[in-house]
Amino acid sequence: MAYCRENDLPLPEQINWAWIPFSGHWGISTSFFQIAAQEARQGKKVQVGARAQELAQAVADHLGTPPGFERVEAVRGYLNLYFLTPEYSRRVVDDVLDRAADYGRGEDRHEQVMVEFSQPNTHKAFHVGHLRSAILGDVLARMLDFAGYETVRANYPGDMGLHVIKWLWNYMTHHRGERPETDITAWMGKLYAEASKRLEEHPELEAEVRALYARWDRRDPEVVALWEETREWSLQGFRALYEVLDVHFDRYYFNSQEEQAGKRVVEELIAKGIALDERPEGAVIVKLDELLGNEKEKYRVLVVLRSDGTALYATEDLALAIQKFVDYPRLSRSFYVVDVRQSLHFQQVFKTLELAGYPWAGRCEHIPYELVNLPGNVVMASREGTVVLLEDLIREAFSRALEVVEQKNPDLSAEQKQAIARAVGLGAIKYPMLARENTKIVTFDWQAALDFNGQAAPYIQYAYVRANSILRKVGGALPAAMTPEYELSPAEVALIELLSRLPNDVQRAAEEKRPLYIANLAYETAKAFNDFYNQCPVLTADAEVRSFRLRLVAAARQAIANSLALMGITAPEAM
RNA sequence: GCCCCUGUAGCUCAAUGGACAGAGCAGUAGCCUUCUAAGCUAUUGGCUGUGAGUUCGAAUCUCACCAGGGGCGCCA
């Protein structure tokens with residue numbers, strides 16, 4: 001800046017510093033293309049590339065080598081400032097070790113946010129397609145919490161609807177008195193699929209289902225009692241699965257509880273002139289584009305109540321959105337992790353609430369994600385039988401991981417092997433759902449899901465294990481904080497640089513709701529560690545080198561553990 | 001008809017508007033008396049769907065088109 005002023009050059013609005021994008025080199029860089037381009041526009045006859053390099057060189061000469069930096073160079077229009085590696089290395093390693101499990105954690109923002117995710121339907125199976133919302137939502141909540149937000153995790157099971165009535169009908173007519181044994185959710189799903197099949201084969205039986213729905217509407221005690229009992233079975237099954245997945249919730253909302261409240265909200269909308277009551281010929285609708293004066297259709301029409309007066313999903317969503325802010329008045333954001341097909345629906349609901357005058361409506365946000373399909377772009381649907389049940393996937397992943405650990409490390413105790421198999425199997429399941437854009441379809445196939453090599457969670461866990469193994473061999477306390485006096489190898493510099501990125505990437509991932517950034521960083525850090533592991537002996541190195549490297553290994557282990565924790569993946573002590 | 005998402009190596013995916021577009025898998029050739037080989041090294045593989053535009057600079061932003069997927073008044 002000073003140099004520009006002195007030399008009568010156009011001042012850049014701000015200097016954008018970026019990391020030098022070469023591995024093994026560590027520092028910051030900026031470019032001079034903008035200034036050169038500005039000059040060109042002002043009529044000076046300059047060739048932008050060459051002029052940028054000229055400026056970079058001039059500034060490099062002007063700067064000399066500022067304190068804290070090792071050297072400064074001008075390359076192809078870029079000005080690169082290389083850190084004084086020993087000092088920065090010490091700072092990063094010390095920081096990681098001092099803050100330990102909190103390394104990467106952001107400052108407390110004094111803001112409360114809610115993440116609603118998972119929304120499983122009771123009386124149905126839990127398949128791999130449902131897994132994405134559970135894992136994505138869980139990790140978003142972990143990231144937001146770690147980034148410094150007070151985070152409320154909410155679940156919203158669909159515990160009433162036609163699917164439940166169908167299930168109850170099938171149970172009452174064919175399974176009365178039966179109870180689920182193990183794999184509750186799979187059993188519930190089986191009965192639901194059976195109900196769908198029966199009704200498909202004998203459409204005349206629909207009348208019985210309708211009659212049962214009417215009994216539910218009257219709150220017939222027998223139906224209500226059976227619903228309550230069987231609903232609890234499903235919820236119990238879900239709790240067991242969440243436990244295995246290490247996914248937890250602070251708050252449960254049920255759509256059965258929002259039904260009446262939703263109807264009251266609709267009454268209010270009608271009274272305010274927002275909703276149009278076309279009953280009995282039509283439904284109760286909100287003509288959003290008309291209300292907003294939009295020329296082109298954008299929000300279209302939201303149906304908020306059926307013509308027969310019964311509630312829809314939208315009815316309940318209106319009530320739920322309100323309920324969340326009643327329960328948590330401080331909420332600065334209310335996130336909905338729901339698949340992308342419901343984007344329009346949520347835009348409509350939030351816009352309707354805004355029109356109704358709820359001041360927080362703009363703080364609701366839908367976080368869309370794409371589906372998990374089967375090869376050939378086949379959508380998972382219980383009715384079609386095109387599903388991979390979560391129970392089956394977990395069982396397969398665990399047993400496959402157990403096989404591998406038996407082979408790799410036969411001397412461990414059976415208990416240890418079980419724990420490792422769980423950690424590895426679960427990691428292998430979660431990672432592929434996190435290491436891609438939310439808006440990209442995940443194609444599930446067994447082979448890829450059970451491949452423990454390459455860019456996958458086990459690779460990252462293995463790096464952790466290797467670091468752990470070195471430190472275990474040494475035992476005792478780490479050497480005291482120190483600045484490395486020897487010349488660090490490129491592998492060491494690259495590793496330290498990656499360790500330093502965690503805090504920044506946590507913020508970025510939380511702001512953009514993209515676990516992908518953490519998944520990538522964790523993998524890259526593990527890769528850098530393996531590189532280091534192969535090139536830089538630790539235990540056999542000279543005393544001073546050994547001491548610093550031990551600290552570096554401990555820091556790497558910590559950073560990897562922290563990013564795995566952010567992804568809800570366990571770091572095993574051995575593998 | 002309108003709107004949204006996706007299109008990058010044979011396959012699955014990365015890449016704050018910046019420096020030679022990178023990984024994994026698959027293929028090929030190697031590395032275990034040395035901190036765990038679930039690892040590492042080397043090598044093969046690309047007009048980033050097409051065409052314009054903006055910019056000093058585009059996989060990235062804008063527009064048009066092509067291809068695939070999804071959503072659009074009483075399903076959830």
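Computed from a predicted model, the values in this text were never measured in an experiment. Computed from heavy atoms alone, side chains included, the values below leave out hydrogens, waters and symmetry copies. Order of the sequence lines sets the chain letters (A, B, ...), proteins ahead of strands, with each chain counted from 1.
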- Message: If I compare all heavy atoms of A:Val128 with all of A:Met380, which pair ends up nearest, and what's the gap?
- Response: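 Smallest heavy-atom distance, with atoms named: CB-CE, 3.8 Å.
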
Using a cut-off of 4.0 Å on non-hydrogen atoms, how would the nucleic acid contact of [X] be classed: base, sugar-phosphate, or nothing?
| X | value |
| --- | --- |
| A:Leu305 | nothing |
| A:Val474 | nothing |
| A:Asn377 | sugar-phosphate |

Between [N] atom [atom2] and [X] atom [atom1], what is the distance in whole Å?
| X | N | atom1 | atom2 | value |
| --- | --- | --- | --- | --- |
| A:Tyr464 | B:G39 | OH | P | 19 Å |
| A:Asp289 | B:G73 | CG | P | 12 Å |
| A:Leu521 | B:A14 | CG | C1' | 13 Å |
| A:Glu206 | B:C75 | CD | P | 13 Å |

- Message: Out of the candidates A:Pro120, A:Ser234, A:Ser256, only one should pair with A:Asp159 under the side chain to side chain contact (heavy atoms under 4.5 Å, CB included) rule; please name it.
- Response: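 Of A:Pro120, A:Ser234, A:Ser256, side chain to side chain contact (heavy atoms under 4.5 Å, CB included) with A:Asp159 is met by A:Ser256 alone.
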
- Query: Do the ring planes of A:His123 and A:His163 sit parallel (below 30°), tilted (30 to 60°) or perpendicular (above 60°)?
  - Reply: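 Aromatic pair A:His123/A:His163 classed perpendicular.
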
- Query: How are the rings of A:Phe529 and A:Phe532 set to each other: parallel, tilted or perpendicular (split at 30° and 60°)?
  - Reply: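 Tilted, since the angle between the ring planes falls between 30° and 60°.
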
- Item | CD (A:Glu290) with more than 12 external heavy atoms under 6.0 Å |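 For A:Glu290, atom CD is not crowded (no more than 12 foreign heavy atoms under 6.0 Å).
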
Residue matched to [N] through Watson-Crick or wobble contacts both under 3.5 angstrom:
| N | answer |
| --- | --- |
| B:A38 | none |
| B:G53 | B:C61 |
| B:A19 | none |
| B:G45 | none |
| B:G1 | B:C72 |
| B:U8 | none |

- Message: To the nearest 0.5 Å, what is the distance between CZ on A:Arg306 and CG on A:Leu312?
- Response: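 Between atom CZ of A:Arg306 and atom CG of A:Leu312 there are 4.5 Å.
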
What does the list of N/O pairs under 3.5 Å between the protein and nucleotides 1-4 of chain B look like, with a distance for each?
residue : atom : partner  : partner atom : Å
B:G1    : N2   : A:Arg300 : NH2          : 3.3
B:C2    : O2   : A:Arg300 : NH2          : 2.8
B:C3    : OP1  : A:Lys296 : NZ           : 3.4

- Message: Main chain of A:Pro537, side chain of A:Thr540: is a donor-acceptor contact present, judged purely on distance under 3.5 Å?
- Response: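 Judged by distance alone, no pair lies under 3.5 Å.
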
